[in-house]
Amino acid sequence: MATDPKLHRRSSNRWQNWHETYAVDAGRRYELHPGSGGLSPAKFRKSAELVLDLIEEAKAEAKVLRAVGGTWSFSQVSGQQDAWILDTTYANRKARLSAGAMDAGFAGDADGLLLVQCGVSIFEINRYLEKERGRSLATSGASNGQTFVGAMSTGTHGSAIDHGGIQSQVVAIQLLSVGGQNLWIERPSKPIASAAFVQDFGAELRRDDDLFDAALVSLGLLGVVHSVVIETRPIFLLSASQFEHPYDDRLKQAMRTLDLAGIDIPPEVQVPAGNPRPYFFQVVVNPHKQDTPTRVKLMYEEPFPATHQIDYRLQGKYGAGFDLPGLVGKFLDAVDPLTPLLTSKLFDMQLKLFANEKGTWGETFDFTTPRSQTAGASLAVPADRCIEALDLAIEAHKQFGPAPIVFACRFVQKSPGHLAFTRFEPSCVIDMDGLNSMNTHLVIERVRSALDAAGIEYAQHWGKFHDLTGGRLAASYGGDLERFRTVRSALLPTPEDRRTFSLAAQETVIGL
């Protein structure tokens with residue numbers, strides 16, 4: 001017998017994020033359960049009503065409500081001390097939108113649309129699309145245990161050079177906020193759902209670009225994102241290769257321009273004759289051995305053959321497990337002289353050389369286990385200044401290291417959203433990933449300071465360590481920050497409204 005959605009209150013209030021970089025004692029902890037059976041409009045309305053009632057209770061008791069997903073963020077962008085925490089991961093229903101649900105002005109392919117609740121993980125979406133629909137996401141992160149909504153809300157950058165961040169695939173957002181606001185938000189230029197469909201979900205249709213751009217990367221500051229509609233594409237394969245290349249002028253020019261014609265691609269790498277532009281381009285530098293060649297990873301798009309057997313164990317070929325970094329991280333703080341040696345060993349273990357490994361998006365990037373005791377920060381810079389920025393990062397490590405850290409550059413297009421950190425056209429994302437040591441955090445901060453001093457524009461991943469200041473935030477986002485504030489003030493007009501969705505770790509720098 002089918003059951004209705006419900007809120008379950010947990011007996012324990014202790015909450016910890018996935019990577020174990022922080023823990024809090026919540027005021028209360030709830031889980032949103034979708035109920036059994038199919039995803040009907042009635043169940044969607046009931047689920048939204050439960051969350052709206054919780055929002056009003058939190059406001060009445062002057063409590064902060066934070067919705068959390070896969071808890072994948074390193075930074076304190078989700079769980080908060082004494083806040084009420086709403087775990088959305090059980091609310092993981094997904095459904096196709098029928099042609100009858102479309103607005104009369106919809107001009108796209110209804111078969112490419114997918115409605116997902118707030119708790120659906122990216123790896124679940126990949127498996128559903130690829131196995132059951134013959135479809136695919138256009139881009140995702142590399143460790144897909146995050147919920148799609150959580151990755152969207154923190155601006156996760158994705159990894160396809162001709163696409164924006166993960167949120168660039170979103171075409172409709174259902175946002176729940178104070179005062180019983182159940183909003184279905186779309187762009188005026190891209191109508192999706194009919195008024196009747198939205199009404200069935202108990203929502204109010206709002207077509208507003210500023211509201212949409214604020215809700216895309218909202219950090220939970222506007223309310224609870226209950227569901228989104230994403231636009232998918234026909235399934236395809238990626239042919240991936242990883243090889244060594246000197247960090248020389250040819251590679252630097254390719255990184256600045258995304259024109260790879262001048263680099264040395266090994267002869268065993270199969271480059272499509274008709275489409276030599278890769279789908280994915282990454283360069284990883286080991287700052288401990290500057291004379292060591294970089295590791296370049298290229299992925300080329302290929303048609304999906306009917307004979308391909310999808311096997312989600314493929315991702316094991318792309319790197320080692322993550323237990324060793326966790327063990328080594330604590331050790332290196334006490335024994336700095338071993339940092340270069342052990343980091344280089346991990347560099348070699350996790351960045352093996354291979355050629356022409358073929359898989360779907362979901363096979364290539366799947367769910368990974370926790371990276372306990374790791375640390376990460378990501379900076380987006382204009383691609384044409386990426387070499388200046390990367391060289392400053394290498395120099396900061398030389399001066400203030402050694403730190404158990406490597407630098408990886410990935411490239412994406414400018415992404416929608418007022419607070420999207422991949423805001424340059426195109427953007428180079430410099431991932432500074434390593435073991436969670438004091439030296440790692442010191443070097444990361446020195447890199448930021450070097451970019452500040454050099455006057456290189458940059459913005460930072462909200463879900464990673466970022467140590468934001470008001471000055472840095474204003475320099476990164478300019479007028480878009482004010483546009484976000486304006487939307488938030490209109491949606492949450494009183495201080496009590498805004499407190500309900502406040503975020504202590506960001507309040508002083510965002511100024512909300």
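Values below: every heavy atom of this structure, side chains too, minus hydrogens, waters and symmetry copies.
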When you measure from the side chain of Thr294 to the backbone N and O of His245, does any donor-acceptor pair fall under 3.5 Å? yes

A side-chain contact here means heavy atoms from C-beta on lying under 4.5 Å apart; do Val68 and Trp15 qualify? yes

Closest approach of Arg66 and Gly220, non-hydrogen atoms and distance? NH1-O, 3.3 Å

Here the pair of heavy atoms bringing Tyr300 nearest to Pro276 is CE2-O, 3.2 Å

Report the C-alpha separation of Leu298 and Phe243 in whole Å, then their side-chain angles, then the decisive distance to 0.1 Å, and conclude whether the side-chain contact (heavy atoms from CB on, under 4.5 Å) test is met. CA-CA 9 Å; Leu298 299 179; Phe243 54 91; 3.9 Å; yes

What I want to check is whether the side chains of His308 and Glu363 have a donor and an acceptor closer together than 3.5 Å. yes

Looking at side-chain heavy atoms only, is the closest gap between Val381 and Glu388 below 4.5 Å? no

For Asp213, enumerate each residue passing the side chain to side chain contact (heavy atoms under 4.5 Å, CB included) test, keeping only those at least two apart in sequence or located in another chain. Arg187, Leu216, Pro416, His418

Is there a salt bridge (Lys or Arg N to Asp or Glu O under 4.0 Å) between Asp210 and Arg483? Walk through the geometry before answering. CA-CA 7 Å; Asp210 266 341; Arg483 280 182 275 275; 5.2 Å; no

Within the 3.5 Å criterion, strictly below it, is a donor on Ser437 or Asn439 matched to an acceptor on the partner's side chain? no

CD1-NE2 distance between Ile405 and His397, expressed to the nearest 0.5 angstrom: 7.0 Å

Contacts of Phe411 that satisfy ring pair (Phe, Tyr, Trp, His ring centres under 6.0 Å) - sequence neighbours left out: Phe281

Under 3.5 Å: donor-acceptor pair, side chain of Thr89, backbone of Gly119: no

Enter the distance from Lys464:NZ to Phe421:CZ here, rounded to the nearest 0.5 Å. 7.5 Å

Side-chain contact test, heavy atoms from C-beta onward, threshold under 4.5 Å: evaluate it for Asp480 versus Arg423 and give yes or no. yes

Distance, nearest 0.5 Å, that separates OG1 of Thr154 from CD1 of Ile166: 8.0 Å

Donor-acceptor contact present, side-chain Ser153 to main-chain Gly150, <3.5 Å: no

Report the C-alpha separation of Leu237 and Thr360 in whole Å, then their side-chain angles, then the decisive distance to 0.1 Å, and conclude whether the side-chain contact (heavy atoms from CB on, under 4.5 Å) test is met. CA-CA 5 Å; Leu237 284 186; Thr360 63; 3.9 Å; yes

Does Leu419 reach the side chain of Trp462, with side-chain heavy atoms less than 4.5 Å apart? yes

Apply salt bridge (charged side-chain N to carboxylate O under 4.0 Å, His left out) to Asp384 and list each qualifying residue two or more places apart in sequence or on a separate chain. none

For residues Glu268 and Ala355, report the shortest heavy-atom separation together with the two atoms involved. CG-CB, 3.9 Å

Could you check if a side-chain atom of Val412 sits within less than 4.5 angstrom of a side-chain atom of Thr139, using non-hydrogen atoms only? no

So which atom in Glu186 and which in Ala172 form the shortest heavy-atom distance, rounded to 0.1 Å? CG-CB, 3.9 Å

Residues in ring pair (Phe, Tyr, Trp, His ring centres under 6.0 Å) contact with His163, at least two apart in sequence or another chain: Tyr279

Which heavy atom in Phe484 sits nearest to a heavy atom in Val217, and how many Å separate them? CE1-O, 4.0 Å

Side chain Asp391, main chain Ile394, donor-acceptor under 3.5 Å: no

Yes or no on side-chain contact (heavy atoms from CB on, under 4.5 Å) for Val228 and Val116, after CA distance, side-chain angles and deciding distance? CA-CA 6 Å; Val228 296; Val116 299; 3.5 Å; yes

Does the side-chain contact (heavy atoms from CB on, under 4.5 Å) test come out yes or no for Glu357 and Thr364, once each step is laid out? CA-CA 9 Å; Glu357 296 283 1; Thr364 305; over 6 Å; no

d(Ile192 CD1, Leu115 CG) to nearest 0.5 Å is 12.0 Å

So, are Glu244 and Arg295 salt-bridged, with charged N and O less than 4.0 Å apart? yes

Sequence neighbours excluded, which residues qualify as ring pair (Phe, Tyr, Trp, His ring centres under 6.0 Å) partners of Phe212? none

Val24 side chain near Ile85 side chain, heavy-atom distance below 4.5 Å: yes

Does a sphere of radius 6.0 Å around CD in Glu457 hold more than 12 heavy atoms from other residues, nucleotides or ligands, not counting ones at 6.0 Å or beyond? no

Measure the CH2-CD distance between Trp361 and Glu130 for me, rounded to the nearest 0.5 Å. 10.5 Å

Using a strict cut-off of less than 4.0 Å between a Lys/Arg side-chain nitrogen and an Asp/Glu carboxylate oxygen, indicate whether Glu445 and Arg448 qualify as a salt bridge. yes

Min side-chain heavy-atom separation Ser239-Lys358 under 4.5 Å: yes

Quick check on side-chain contact (heavy atoms from CB on, under 4.5 Å): which of Val224, Val225, Ile173 does Val149 satisfy it with? Val225

Any donor-acceptor pair under 3.5 Å from Glu231 side chain to Gly112 backbone: no

Whether Lys414 side chain and Phe424 backbone form a donor-acceptor pair below 3.5 Å: no

With a 6.0 Å cut-off (strictly less than), is the heavy-atom count around NZ of Lys190, excluding the residue itself, greater than 12? no

SG of Cys409 to CG of Leu390, rounded to nearest 0.5 Å, is 4.5 Å

Hey, does the side chain of Gln167 reach the backbone of Gly417 with a donor-acceptor pair shorter than 3.5 angstrom? no

Glu132/Lys94 salt bridge by N-O under 4.0 Å criterion: no

Report yes or no: do Thr422 and Ser415 form a side-chain donor-acceptor pair below 3.5 Å? yes

Backbone of Thr232 reached by a side-chain donor or acceptor of Arg135 within 3.5 Å: yes

With a 4.5 Å heavy-atom cut-off, do Phe407 and Leu379 have their side chains touching? no

Which residues pass the ring pair (Phe, Tyr, Trp, His ring centres under 6.0 Å) test with Phe400, not counting sequence neighbours? none

Are the side chain of Ser121 and the backbone of Phe148 linked by a donor-acceptor contact shorter than 3.5 Å? no

Taking it one step at a time, do Gln460 and Arg472 satisfy side-chain hydrogen bond (donor to acceptor under 3.5 Å, both in side chains)? CA-CA 9 Å; Gln460 299 187 71; Arg472 282 176 174 166; 6.0 Å; no

Quick check: closest heavy atoms across Arg488 and Leu221, and the distance to 0.1 Å? NE-O, 2.7 Å

Under 3.5 Å, is there a donor-acceptor pair between the side chain of Arg277 and the main chain of Leu258? yes

